[in-house]
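Right, one structure below, let's go through it.
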Amino acid sequence: MPNLRDDHWTAPVAGASLDAAVRVPGSKSITNRAYVLAALASAPTRVRHPLDSRDTRLMLGALASLGARSEETIDGFLVHPLGTISGRGDETEVVLGNAGTVARFTPALATLGDASVRFDGDEAIRRRPIDPLLAALRKLGARIDDGGRGAPPFTVEGTGGLRGGRVDLDSSASSQFLSALLLAGPAFEQGVTVRLVGGAPPSEPHIAMTLDMLRRFGATVDRTGTEFHVEPAKLSCPEYVVEPDLSTAAPFVAAAVVGGGTVRVQGWPKQTTQPGDWLRGLVAELGAKATLDDTGLSVTGGGAFPGIDLDLHEVGELTPVIAAMLCFAESPSSITGVAHLRGHETDRLTALATELSGLGAGVTELEDGLEITPAPMHGGVFHTYEDHRLVMAAAVLGLRVPGVLVENPDTVGKTFPKFVETWTDAVS
């Protein structure tokens with residue numbers, strides 16, 4: 001049983017050489033994209049094996065507020081198309097929590113009905129960037145009142161549809177801005193053509209995921225360099241099966257490298273657009289072994305591995321777990337290219353530098369990353385800032401550091417409600 005005390009969890013130290021098999025829940029990124037596309041489809045979509053967590057329940061709730069109801073099934077949800085909100089002409093509210101995908105993917109959908117829709121959520125979501133997306137939606141014909149804040153709370157006045165067309169977008173702070181416009185593009189009168197300006201968006205794999213899923217729902221999508229075009233279309237996908245979340249699998253992959261032994265992640269897909277698949281190459285660079293077969297991914301490590309310099313711009317969400325893992329390397333490491341993490345659930349770079357250093361590691365914060373110099377570590381409280389990925393990072397530390405007290409472990413429910421139990425069973 002997990003060792004929980006006063007809203008803190010004592011992360012378990014790895015026992016003898018690990019020998020575990022785990023199954024992680026469905027991908028949050030795929031689940032919420034599937035729900036949005038299902039809401040825009042012309043007929044109900046059965047979404048199978050989705051992630052069931054706070055963020056995905058918030059997405060279903062948001063879509064219900066916008067007129068797309070859903071029904072729970074034996075292995076997921078049947079999502080009905082938008083429709084019932086049209087013509088109501090009243091007011092409704094979308095509850096965002098601290099879910100970036102909900103805050104960014106649903107405002108465009110609110111333009112398709114006739115209601116006035118207010119968007120708001122946790123205090124943390126009010127600090128997460130969204131202004132470039134709202135500005136782009138206005139240029140496409142949306143009526144949005146954000147009081148000049150460029151952040152929640154804001155109100156979208158539904159006009160029964162959106163003209164769409166061409167728009168410039170600065171998506172350098174989040175690839176979700178681009179994905180939000182592309183996902184909604186098939187429902188716009190003229191579709192949408194997005195030309196990227198400013199710096200390159202982080203997490204190219206998530207953009208590829210959006211394009212792939214649009215095509216699977218029947219959209220026509222073109223990309224030429226930094227310009228994207230989505231034709232207006234009637235979408236349809238009677239059934240969509242969600243892959244396991246490979247970013248959520250990251251701590252289990254790290255466990256084999258740090259703790260030694262073998263951990264098998266069941267159901268790891270042979271082909272995927274998920275950024276977490278990058279972990280297979282990292283494992284090899286660190287001298288461990290990763291074997292992918294029809295049953296999943298097996299990772300075998302020996303507990304000793306070299307330091308490494310990594311540019312994680314395209315896979316930034318893996319940073320917390322990788323930073324924790326590199327605290328046990330045999331030489332210094334660096335992580336760069338992830339300045340955008342300052343706008344996630346918390347400022348992840350400052351949080352990681354503070355918490356890892358607080359337990360003895362030599363971590364220096366850079367403008368766009370971290371420098372990590374291994375040093376003897378000790379137990380203590382690891383604050384998680386209501387950030388699910390920091391809970392996972394703390395769990396990795398606990399493999400070799402007794403007495404790591406993880407604050408508010410329940411915040412991991414954002415992506416993996418049973419993480420603590422699954423982790424404890426796997427490593428103890």
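Note that the structure is a prediction, hence the values are computed from the model and not measured.
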With a 4.5 Å limit on heavy-atom distance, are the side chains of [X] and [Y] in contact?
X	Y	value
Met377	Cys327	yes
Asp120	Val95	no
Ile30	Met209	yes
Arg195	Val167	no
Thr354	Tyr385	yes
Phe154	Leu134	yes
Pro417	Arg54	no
Leu37	Arg216	no

Hey, what do you get for [atom1] ([X]) to [atom2] ([Y]), rounding to the nearest 0.5 Å?
X	Y	atom1	atom2	value
Glu386	Asn408	CD	CG	6.5 Å
Leu133	Gln176	CG	CD	10.0 Å
Leu63	Phe105	CG	CZ	11.5 Å
Leu109	Leu66	CG	CG	6.0 Å
Asp122	Leu58	CG	CG	8.0 Å
Phe177	Asp170	CZ	CG	8.5 Å

Side-chain H-bond candidate by donor/acceptor type, [X] with [Y], under 3.5 Å:
X	Y	answer
His388	Thr411	no
Arg33	Thr210	yes
His206	Ser29	yes
His229	Thr193	yes

Can you tell me if CD on Glu367 sees more than 12 non-hydrogen neighbours from other groups inside 6.0 Å?
-> no
Heavy-atom neighbours of Arg46 CZ exceed 12 at 6.0 Å =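 No, the 6.0 Å shell around CZ holds no more than 12 heavy atoms from other groups.
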Give a yes or no on whether the backbone of [Y] and the side-chain of [X] come within a donor-acceptor separation of less than 3.5 Å.
X	Y	answer
Thr319	Gly316	yes
Thr273	Ala208	no
Ser333	Ala329	no
Thr384	Val391	no
Ser171	Ser174	yes
Gln274	Pro244	yes

What's the verdict on side chain to side chain contact (heavy atoms under 4.5 Å, CB included) for Lys289 and Thr291, showing C-alpha distance, side-chain angles and the deciding distance?
-> CA-CA 7 Å; Lys289 182 180 179 181; Thr291 303; 3.5 Å; yes
Test log, rule side-chain hydrogen bond (donor to acceptor under 3.5 Å, both in side chains), inputs Trp268 and Asp277 = CA-CA 9 Å; Trp268 193 291; Asp277 195 45; 2.8 Å; yes
Plane angle bin for Phe419 and Trp9 - parallel if under 30°, tilted between 30 and 60°, otherwise perpendicular =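 Rings of Trp9 and Phe419: perpendicular, over 60°.
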Measure across [X] and [Y] and return the closest heavy-atom pair with its distance rounded to 0.1 Å.
X	Y	result
Ala34	Phe217	O-CZ, 4.0 Å
Asp55	Val102	O-CG2, 3.9 Å
Val299	Leu297	CG2-CD2, 3.9 Å

Less than 4.0 Å between a side-chain N and a carboxylate O, is that true for [Y] and [X]?
X	Y	answer
Arg342	Asp368	no
Lys418	Asp425	no
Arg48	Asp75	yes
Lys270	Glu243	no

Salt bridge (charged side-chain N to carboxylate O under 4.0 Å, His left out) evaluation trace for Arg264 with Asp19 | CA-CA 8 Å; Arg264 291 170 291 281; Asp19 183 10; 2.9 Å; yes
Could you walk me through whether Glu355 and His383 pass side-chain hydrogen bond (donor to acceptor under 3.5 Å, both in side chains), step by step?
-> CA-CA 7 Å; Glu355 299 307 317; His383 300 93; 3.3 Å; yes
Steps toward side chain to side chain contact (heavy atoms under 4.5 Å, CB included) verdict (Phe228, Leu211) = CA-CA 10 Å; Phe228 300 76; Leu211 300 180; 4.1 Å; yes
Could you give me the CA-CA distance, side-chain angles and deciding distance for Tyr35 and Thr45, then say whether side chain to side chain contact (heavy atoms under 4.5 Å, CB included) is met?
-> CA-CA 8 Å; Tyr35 287 159; Thr45 301; over 6 Å; no
Kindly determine whether Glu204 and His313 satisfy side-chain hydrogen bond (donor to acceptor under 3.5 Å, both in side chains), including the steps that lead there.
-> CA-CA 9 Å; Glu204 175 66 28; His313 183 73; over 6 Å; no
In sequence, state the C-alpha distance, the side-chain angles, and the governing distance for Glu365 and Thr350, and then conclude on side-chain hydrogen bond (donor to acceptor under 3.5 Å, both in side chains).
-> CA-CA 7 Å; Glu365 186 177 349; Thr350 296; 2.7 Å; yes
Test side chain to side chain contact (heavy atoms under 4.5 Å, CB included) applied to Asp410 and Val420, step by step | CA-CA 8 Å; Asp410 287 347; Val420 168; over 6 Å; no
